[in-house]
Structure formats: C-alpha cells, structure tokens
There are 2 protein chains.
Amino acid sequence: MERIDVCLIALRRILRATELHGKELAQSAGLTPVQLRVVQILAESGTSTGGAIAKRMHVAPATITAMIDKLQRSGHVARQPSHIDRRQTLIALTDKGREALKRAPDALQQRFAAEFEALDDWEQAMIVAVLERVAVMLDAGDADRGAVLYPGDL
Amino acid sequence: MERIDVCLIALRRILRATELHGKELAQSAGLTPVQLRVVQILAESGTSTGGAIAKRMHVAPATITAMIDKLQRSGHVARQPSHIDRRQTLIALTDKGREALKRAPDALQQRFAAEFEALDDWEQAMIVAVLERVAVMLDAGDADRGAVLYPGDL
DNA sequence: GTCTTTCGTTCGACTAACTAAACATAGATC
DNA sequence: GATCTATGTTTAGTTAGTCGAACGAAAGAC
C-alpha cells in the first residue's frame, strides 16, 4: 500500500473519531454544530459581516440572518451597525459567546491530553511538528477558497 | 506555550480545514453528511443492524429507521431479514452505496496528495507514523464508548 | 406456557438549516 | 441626480434530522 494511502486513511480515522463528537462538542457549549461554527468563525475574525460569514460557510445570506437572529436571542453574539458602510451589520461575539467557545473544546482536549502527556519527549515533539505541518498543508489548500458563489448562484 | 496546546490547536486547524468540506464531501457522493456517515459505518462493519448503527451514532433507533428508509429508496443500502434472529433487520451496502463512498474522499485526497508527494522521503515517513499514532490514540479513546444510552434514556 | 425483554418499525410532531424571491436601504458610477 | 450594484432582511416554504410513545413480533427466562 502506498504511503499516501496510509496517510489518508489515518487522517480519515482522525476525522471520524473527532467528528463523532462534533455534535457533543457543540452541545457541551450549548449550541448546535452549525452555530458553533459561526461562533468559531467570529472568534477568528474578531468582527465580521453577515455576508462574509455566508461566503465562508457556503450558504445564502438569508441563512446567516436567521442564524444570527438565534445567536443574538441566546446572547452569544451582538449586532452593531457599521459606521463606515451603513448597509453592513457588524457581528461580534459577546462574553457569553466567548465562554461557550471555551467550554466547547474540553471533550477533545481531555481525550487527547491524557494520552499525549504519557508519551516520550521525542515522540511528543515529533507529533507537534507533524500536526503543525499537516495543518499548514490543509490550511493552505483552504486559502484559495475565499471567494465562492452562493449555492443559489449555480 | 505548552506543547500539548500547540498540538490541540494544530488538531483543531486540521479538523476545521477538513470539516469545512464535510458538506461538500457528502454532496460529491450524492448524500447528506449524516447519510454519508451511515454509509461509512456500513462500509466498515460490512453488515450491521439498525440498533448497532443507532448506538454508534448516538441517536434513537427511530432515527435510524427513517434514515435507512431514505438510503434504501435511493438505492444505497438494502435491508435483509436476519435468519439467526428474526427480530433483527440486517443492513448492507449496495454497489451503488460503495460507489458513492469511492467518490466521496476525492476532494480531501486531491488536496492532500499533491502536497504530500512533494515532500522529502523522511518527512513523508514521519507524517505517516505520527498520523497513525494519533489516529490510534483517538480511536482508542473512542473504543470505550461502545455501549451508550440513547439520548432519550437520559 | 406465560412473562419479560429486545428489536425494529410506525406515527405524529418538532427543530434546525437552508433557500428563492421580493424588498429597503445605502454606496458607487456616470 | 438617475441608475446600477451591494448588503442585509423579511417572508414563505422546503428538507433533513431528530425524538418519544405506542406497537408487533420474536427471543429468552423460569
């Protein structure tokens, strides 16, 4: 078997193992999986507009409006009108939103951390290096995906 | 910053980069994300009962029944009564289901493969080793999660 | 041979996610 | 200033996923 295949299989196993908990992860944060992704995106970008989020998630703007409505009602995000362009509505995390994010990763953290700490020093170092490498490889592949049509534009 | 933190951050980046495409991955297979997971589970276990799938996905049996109904109508899976225990309904992938699976991973594959092939030999070897290691760590953490209550049992 | 448990299913119902289309408002262009 | 374009929203509707409860049939216990 080719090395690349072994790699991909391992990657898929990693994905599956964690994806399994995507739902639980979100629930532990008091959110739905999709809502958690919105919150994660906001955490990265600091403040964003609805349209930007829509593009990143590959959904129609109307979908984001509905989603932000819910997150606003639950107190996780806040809308504030933009002063530079008054058509835009800026969306930002509230403290509650940031707290939810902190609670979310615990499941993954706890599962991985215990085993990781038990490893030899050199092995830990190697894992860190490789995971970073792979992350960069995948992130890079993601970069050219910024401008994408809405599903409805197809 | 602790090494474990670097690790977790990298892991989350990997997850996010690929998770982003969970939907597209499924769509390229002509399935919804949840349906794809059912198909994946069936591909692993060969043949399974509804209850087993329900437990693995942490959902109620009724949910699986509905899902299998859809997958059966679309021709991806087939039901066959069990001869050993006639209460059970065995569920198996059809050829169409297996084909769908083959189409699904292409997106991830193509993105990762190109960059991977360009790496030095020793680096490839290291990545393979580490990814396998991490996969085992996460799979193992998953193993003791076999017997879980239905959501409704809580 | 009854009693209990297990298995999948049906039914009715709810929620989340998502969309297209129409709309109001605000920049941009000329 | 009139026209085009971009932005977010409302509305009305769809689809997928999910569940609890009730159910029938089969297996297991005793």
Side-chain angles (χ1 to χ4, degrees), chain A residues 19 22-24 26-27 29-39 41 47-74 76-92 147-154, chain B residues 22-24 26-27 29-39 47-74 76-92 147-154:
Chain A
E19 206 177 289
K23 209 192 312 174
E24 297 163 38
Q27 280 170 354
L31 299 168
T32 67
V34 182
Q35 283 173 352
L36 179 58
R37 257 198 64 207
V38 174
V39 170
I41 288 175
T47 291
S48 184
T49 68
I53 301 176
K55 272 174 199 154
R56 269 188 82 165
M57 294 186 59
H58 307 263
V59 296
T63 307
I64 295 300
T65 297
M67 221 121 73
I68 298 300
D69 283 350
K70 279 182 201 164
L71 285 170
Q72 193 175 26
R73 244 169 306 177
S74 62
H76 291 98
V77 309
R79 281 190 172 93
Q80 54 185 172
S82 164
H83 294 300
I84 3 171
D85 184 339
R86 281 181 302 182
R87 291 169 304 181
Q88 293 183 330
T89 311
L90 296 179
I91 300 152
V148 175
L149 299 174
Y150 298 146
D153 290 344
L154 298 175
Chain B
K23 208 193 312 173
E24 297 163 37
Q27 280 171 354
L31 299 169
T32 67
V34 183
Q35 285 173 350
L36 178 58
R37 259 201 61 212
V38 174
V39 171
T47 292
S48 183
T49 68
I53 301 177
K55 273 175 198 153
R56 271 188 79 165
M57 295 185 59
H58 307 262
V59 296
T63 307
I64 295 299
T65 298
M67 222 122 70
I68 298 300
D69 283 349
K70 278 181 201 164
L71 284 171
Q72 194 175 25
R73 243 169 305 172
S74 62
H76 291 98
V77 308
R79 281 187 172 95
Q80 54 185 172
S82 164
H83 295 300
I84 6 172
D85 184 339
R86 280 182 302 181
R87 291 168 303 179
Q88 292 184 331
T89 312
L90 296 179
I91 300 152
V148 175
L149 299 173
Y150 300 145
D153 290 341
L154 300 174

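Chain letters run A, B, ... following the sequence lines, proteins first, then strands; residues in each count from 1.
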Asks: Taking any heavy-atom pair under 4.0 Å as a contact, classify A:Thr65: base, sugar-phosphate, or nothing.
Replies: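 Base contact - A:Thr65 has a heavy atom under 4.0 Å of at least one base atom.
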Asks: Which one, C:dA16, D:dT18, D:dA26, comes nearest to the side chain of A:Lys70?
Replies: C:dA16
Asks: Measuring from atom CG of B:Leu90 to atom CG of B:Asp85, what distance do you get when rounded to the nearest 0.5 angstrom?
Replies: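 The CG atom of B:Asp85 is 9.0 Å from CG of B:Leu90, to the nearest 0.5 Å.
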Asks: Does anything in residues 64-73 of chain A pair up under salt bridge (Lys or Arg N to Asp or Glu O under 4.0 Å), and if so which pairs, sequence neighbours excluded?
Replies: A:Asp69-A:Arg79
Asks: Without decimals, in angstroms, what is the distance between A:His83 NE2 and C:dT25 C1'?
Replies: 17 Å
Asks: Tell me the closest heavy-atom pair linking B:Leu31 and B:Leu36, and the distance in Å.
Replies: CD1-CA, 4.0 Å
Asks: Can you find a donor-acceptor pair, distance only, under 3.5 Å between B:Arg87 side chain and C:dT6 base?
Replies: yes
Asks: Could you give the CD-to-C1' distance, from A:Gln72 to D:dG8, as a whole number of Å?
Replies: 13 Å
Asks: Nearest to the side chain of B:Thr89 - D:dG20, D:dG17, C:dG8?
Replies: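 Given the options D:dG20, D:dG17, C:dG8, the side chain of B:Thr89 is closest to C:dG8.
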Asks: Picking from C:dA17, D:dC19, D:dA25, which would you name as closest to the side chain of B:Val59?
Replies: D:dC19
Asks: Rounded to whole Å, please give me the gap between CD1 in A:Ile91 and C1' in D:dT7.
Replies: 11 Å
Asks: Considering non-hydrogen atoms only, spot the tightest contact between B:Gly50 and B:Ile64 and give its length.
Replies: O-CG2, 3.8 Å
Asks: In whole Å, I'd like the distance from the CE atom of B:Met57 to the C1' atom of D:dG17.
Replies: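 Rounding to the nearest Å, CE of B:Met57 and C1' of D:dG17 are 10 Å apart.
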Asks: Of all the choices, D:dG17, C:dT10, D:dA26, which nucleotide is nearest to the side chain of B:Met67 once you look at every atom?
Replies: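 Per side-chain heavy atoms of B:Met67, the pick is D:dG17.
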Asks: Whether B:Thr49 contacts C:dC7 is assessed here as follows: a side-chain N or O lying under 4.0 Å from the phosphate OP1 or OP2. Is that the case?
Replies: no
Asks: Whole Å only: how far is the CG atom of B:Leu31 from the P atom of D:dT15?
Replies: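 Going from B:Leu31 (CG) to D:dT15 (P), I get 17 Å.
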Asks: When the distance from CD1 of B:Ile84 to P of D:dA27 is rounded to whole Å, what number comes out?
Replies: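 Answer to the nearest Å: 11 Å.
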Asks: Starting at CD1 of B:Ile64 and ending at P of C:dC11, how long is that distance when rounded to a whole Å?
Replies: 19 Å
Asks: Can you tell me if the side-chain N/O atoms of B:Arg79 get under 4.0 Å from OP1 or OP2 in C:dT9?
Replies: yes
Asks: Between P on C:dT15 and CD on A:Gln27, what's the gap in Å once rounded to a whole number?
Replies: 16 Å
Asks: Between A:Ala66 and B:Ala66, who's closer to the 5' end of DNA chain C by nearest nucleotide?
Replies: B:Ala66
Asks: As an exercise, state the distance from OG1 of B:Thr49 to CZ of B:Arg87, rounded to the nearest 0.5 Å.
Replies: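 Between atom OG1 of B:Thr49 and atom CZ of B:Arg87 there are 10.5 Å.
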Asks: Among C:dT9, D:dG20, C:dA26, which is the nearest nucleotide to the side chain of B:Pro61?
Replies: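 From the listed options, C:dT9 comes nearest.
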Asks: Name the closest nucleotide to the B:Gln88 side chain, picking from C:dG8, C:dT10, C:dC18.
Replies: C:dG8
Asks: State whether B:Arg86 places a side-chain N or O below 4.0 Å from either non-bridging phosphate oxygen (OP1 or OP2) of D:dA27.
Replies: yes
